[in-house]
Amino acid sequence: MMVKCLEGVKRLLVAFINCGEYDKLPWGLRNPEAIASKTVFSVSEIEALYELYKRISTGVFDDGLIHKEEFQLALFKTSKKGNLFAERVFDLFDTKHQGILDFEEFARALSVFHPSAPIEEKIDFSFQLYDLKRQGFIERQEVKQMVVATLAESGLNLADDVIESIIDKTFEEADTKHDGKIDKEEWRNLVMQHPSLLKNMTLQYLKDITTTFPSFVFHSQVDDA
């Protein structure tokens, strides 16, 4: 079931990448080298991502920033559909906590999903996804909230006792300190024992974005090192 939650992240990002054609907008990408240095992307990949970013950022507000409504529009095709899952992912992307995503936040968040990104970054992001209260550990109720939200987003409906049973088994295995919560060390151990938990934290598309999505590429002014 936790794999199912992370699969939702993957679907969301694929929805972004498949947004379609774009129109050239008045603002430009500044200092792509600096942004690339903070991610696993090359300069040309940063430029390709910027074209994708521009397309998403005009969904509702034409201001060169991605608002939560535009984030939900890319995922659900409507800006009015509320969902805990989508809001949680948006919050993790929104590292400056301003309610909007600038391009650097967008690029750095997607970098975690690159095949070459360090596994520790993937573990940390997936842990934060469940740590709704930002307490540094995951509580049972937080897991249930995310599972229920993911099921709702997927159109699935499981009886409450089935969900409770799934969570019981998860905590039985993960909560090795038997304190009713999963800390980052326990989460890391669980993930290392079950690598499939992170399979949706990698998007192969991002490795070859400049060739897989040529419509997003424009002539670079900077040569990749």
Side-chain angles (χ1 to χ4, degrees), residues 5-6 8-19 22 24-76 79 82-134 136 146 198 200-203 205-207 209-210 213 216-218 220 222:
C5 290
L6 293 176
V9 178
K10 188 171 185 176
R11 285 201 304 274
L12 182 151
L13 297 179
V14 170
F16 277 163
I17 291 172
N18 290 326
C19 271
Y22 64 90
K24 290 292 183 180
L25 300 174
W27 54 84
L29 174 60
R30 299 175 182 174
N31 205 353
E33 309 98 301
I35 297 177
S37 71
K38 300 174 183 177
T39 71
V40 298
F41 294 115
S42 67
V43 174
S44 60
E45 289 170 337
I46 287 294
E47 291 175 331
L49 280 176
Y50 185 63
E51 298 305 316
L52 175 59
Y53 175 85
K54 289 196 299 185
R55 175 65 181 89
I56 299 169
S57 66
T58 59
V60 179
F61 306 102
D62 192 359
D63 60 359
L65 298 166
I66 295 179
H67 297 250
K68 186 172 290 188
E69 296 91 337
E70 291 165 329
F71 190 83
Q72 294 180 344
L73 181 63
L75 178 59
F76 296 116
S79 61
N83 181 282
L84 171 66
F85 177 77
E87 290 189 5
R88 185 64 188 137
V89 176
F90 181 89
D91 288 344
L92 291 181
F93 276 47
D94 180 20
T95 56
K96 298 176 183 175
H97 309 299
Q98 297 177 330
I100 53 175
L101 303 181
D102 61 29
F103 177 65
E104 183 173 335
E105 289 175 308
F106 180 74
R108 293 182 72 167
L110 284 183
S111 180
V112 177
F113 293 84
H114 194 285
S116 299
I119 189 171
E120 291 299 329
E121 290 186 8
K122 297 178 184 292
I123 291 174
D124 185 60
F125 188 97
S126 60
F127 178 82
Q128 291 181 66
L129 185 67
Y130 288 94
D131 182 15
L132 300 176
K133 299 177 183 178
R134 299 178 182 175
M146 284 300 297
L198 289 185
N200 291 305
M201 288 297 299
T202 296
L203 288 172
Y205 308 101
L206 296 176
K207 188 175 183 179
I209 190 167
T210 57
F213 306 101
F216 293 145
V217 179
F218 57 92
S220 174
V222 181

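Computed over heavy atoms, backbone and side chain alike; hydrogens, waters and symmetry mates excluded.
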A.B. asks: Which heavy atom of Ser37 sits nearest to which heavy atom of Ala34, and what is that distance?
C.D. replies: OG-O, 2.6 Å
A.B. asks: Once rounded to the nearest 0.5 Å, what's the spacing between atom CZ of Arg88 and atom CD of Gln128?
C.D. replies: 7.0 Å
A.B. asks: Would Asp94 and Gln98 count as a side-chain hydrogen bond (donor to acceptor under 3.5 Å, both in side chains) here? Give the steps.
C.D. replies: CA-CA 7 Å; Asp94 180 20; Gln98 297 177 330; over 6 Å; no
A.B. asks: Can you tell me how far the CG atom of Leu92 sits from the OG atom of Ser126, to the nearest 0.5 Å?
C.D. replies: 10.0 Å
A.B. asks: Going by the salt bridge (Lys or Arg N to Asp or Glu O under 4.0 Å) test, which pairs reach into residues 101-120, not counting sequence neighbours?
C.D. replies: Lys38-Glu104, Lys96-Asp102, Glu104-Arg108, Glu120-Arg188
A.B. asks: Got a second to check how far Leu29's CG is from Ile35's CD1, nearest 0.5 Å?
C.D. replies: 5.5 Å
A.B. asks: To check you understand the geometry: which heavy-atom pair defines the closest contact between Phe61 and Glu70, and what is its length?
C.D. replies: N-OE2, 2.7 Å
A.B. asks: Does the Thr202 side chain pair with the main chain of Pro115, one donor and one acceptor, at a distance under 3.5 Å?
C.D. replies: no
A.B. asks: Is there a donor-acceptor pair closer than 3.5 Å between any side-chain N or O of Glu45 and the backbone N or O of Ser42?
C.D. replies: yes
A.B. asks: Hey, what do you get for CD1 (Ile66) to OG1 (Thr58), rounding to the nearest 0.5 Å?
C.D. replies: 9.5 Å
A.B. asks: Specify whether Phe106 and Phe103 have parallel, tilted or perpendicular ring planes, treating 30° as the upper limit for parallel and 60° as the lower limit for perpendicular.
C.D. replies: tilted
A.B. asks: Mind listing the closest non-hydrogen atom pair of Pro32 and Ile46 along with its distance?
C.D. replies: CB-CG2, 4.0 Å
A.B. asks: How far does CG of Leu49 sit from OG1 of Thr39, to the nearest 0.5 angstrom?
C.D. replies: 8.0 Å
A.B. asks: Any idea which heavy atoms bring Ala117 and Ser111 closest together, and the distance?
C.D. replies: CB-O, 3.2 Å
A.B. asks: Do the non-hydrogen side-chain atoms of Asn31 and Glu33 ever get within less than 4.5 Å of each other?
C.D. replies: yes
A.B. asks: When you compare the side chain of Asp91 with that of Arg134, does any pair of heavy atoms fall below 4.5 Å?
C.D. replies: yes
A.B. asks: Roughly how far, to the nearest 0.5 Å, is CG of Leu132 from CE of Met146?
C.D. replies: 6.5 Å
A.B. asks: With sequence neighbours excluded, tell me which residues meet side-chain hydrogen bond (donor to acceptor under 3.5 Å, both in side chains) with His67.
C.D. replies: Asp63
A.B. asks: Identify, with sequence neighbours excluded, every residue that meets side-chain contact (heavy atoms from CB on, under 4.5 Å) alongside Ala109.
C.D. replies: Phe93
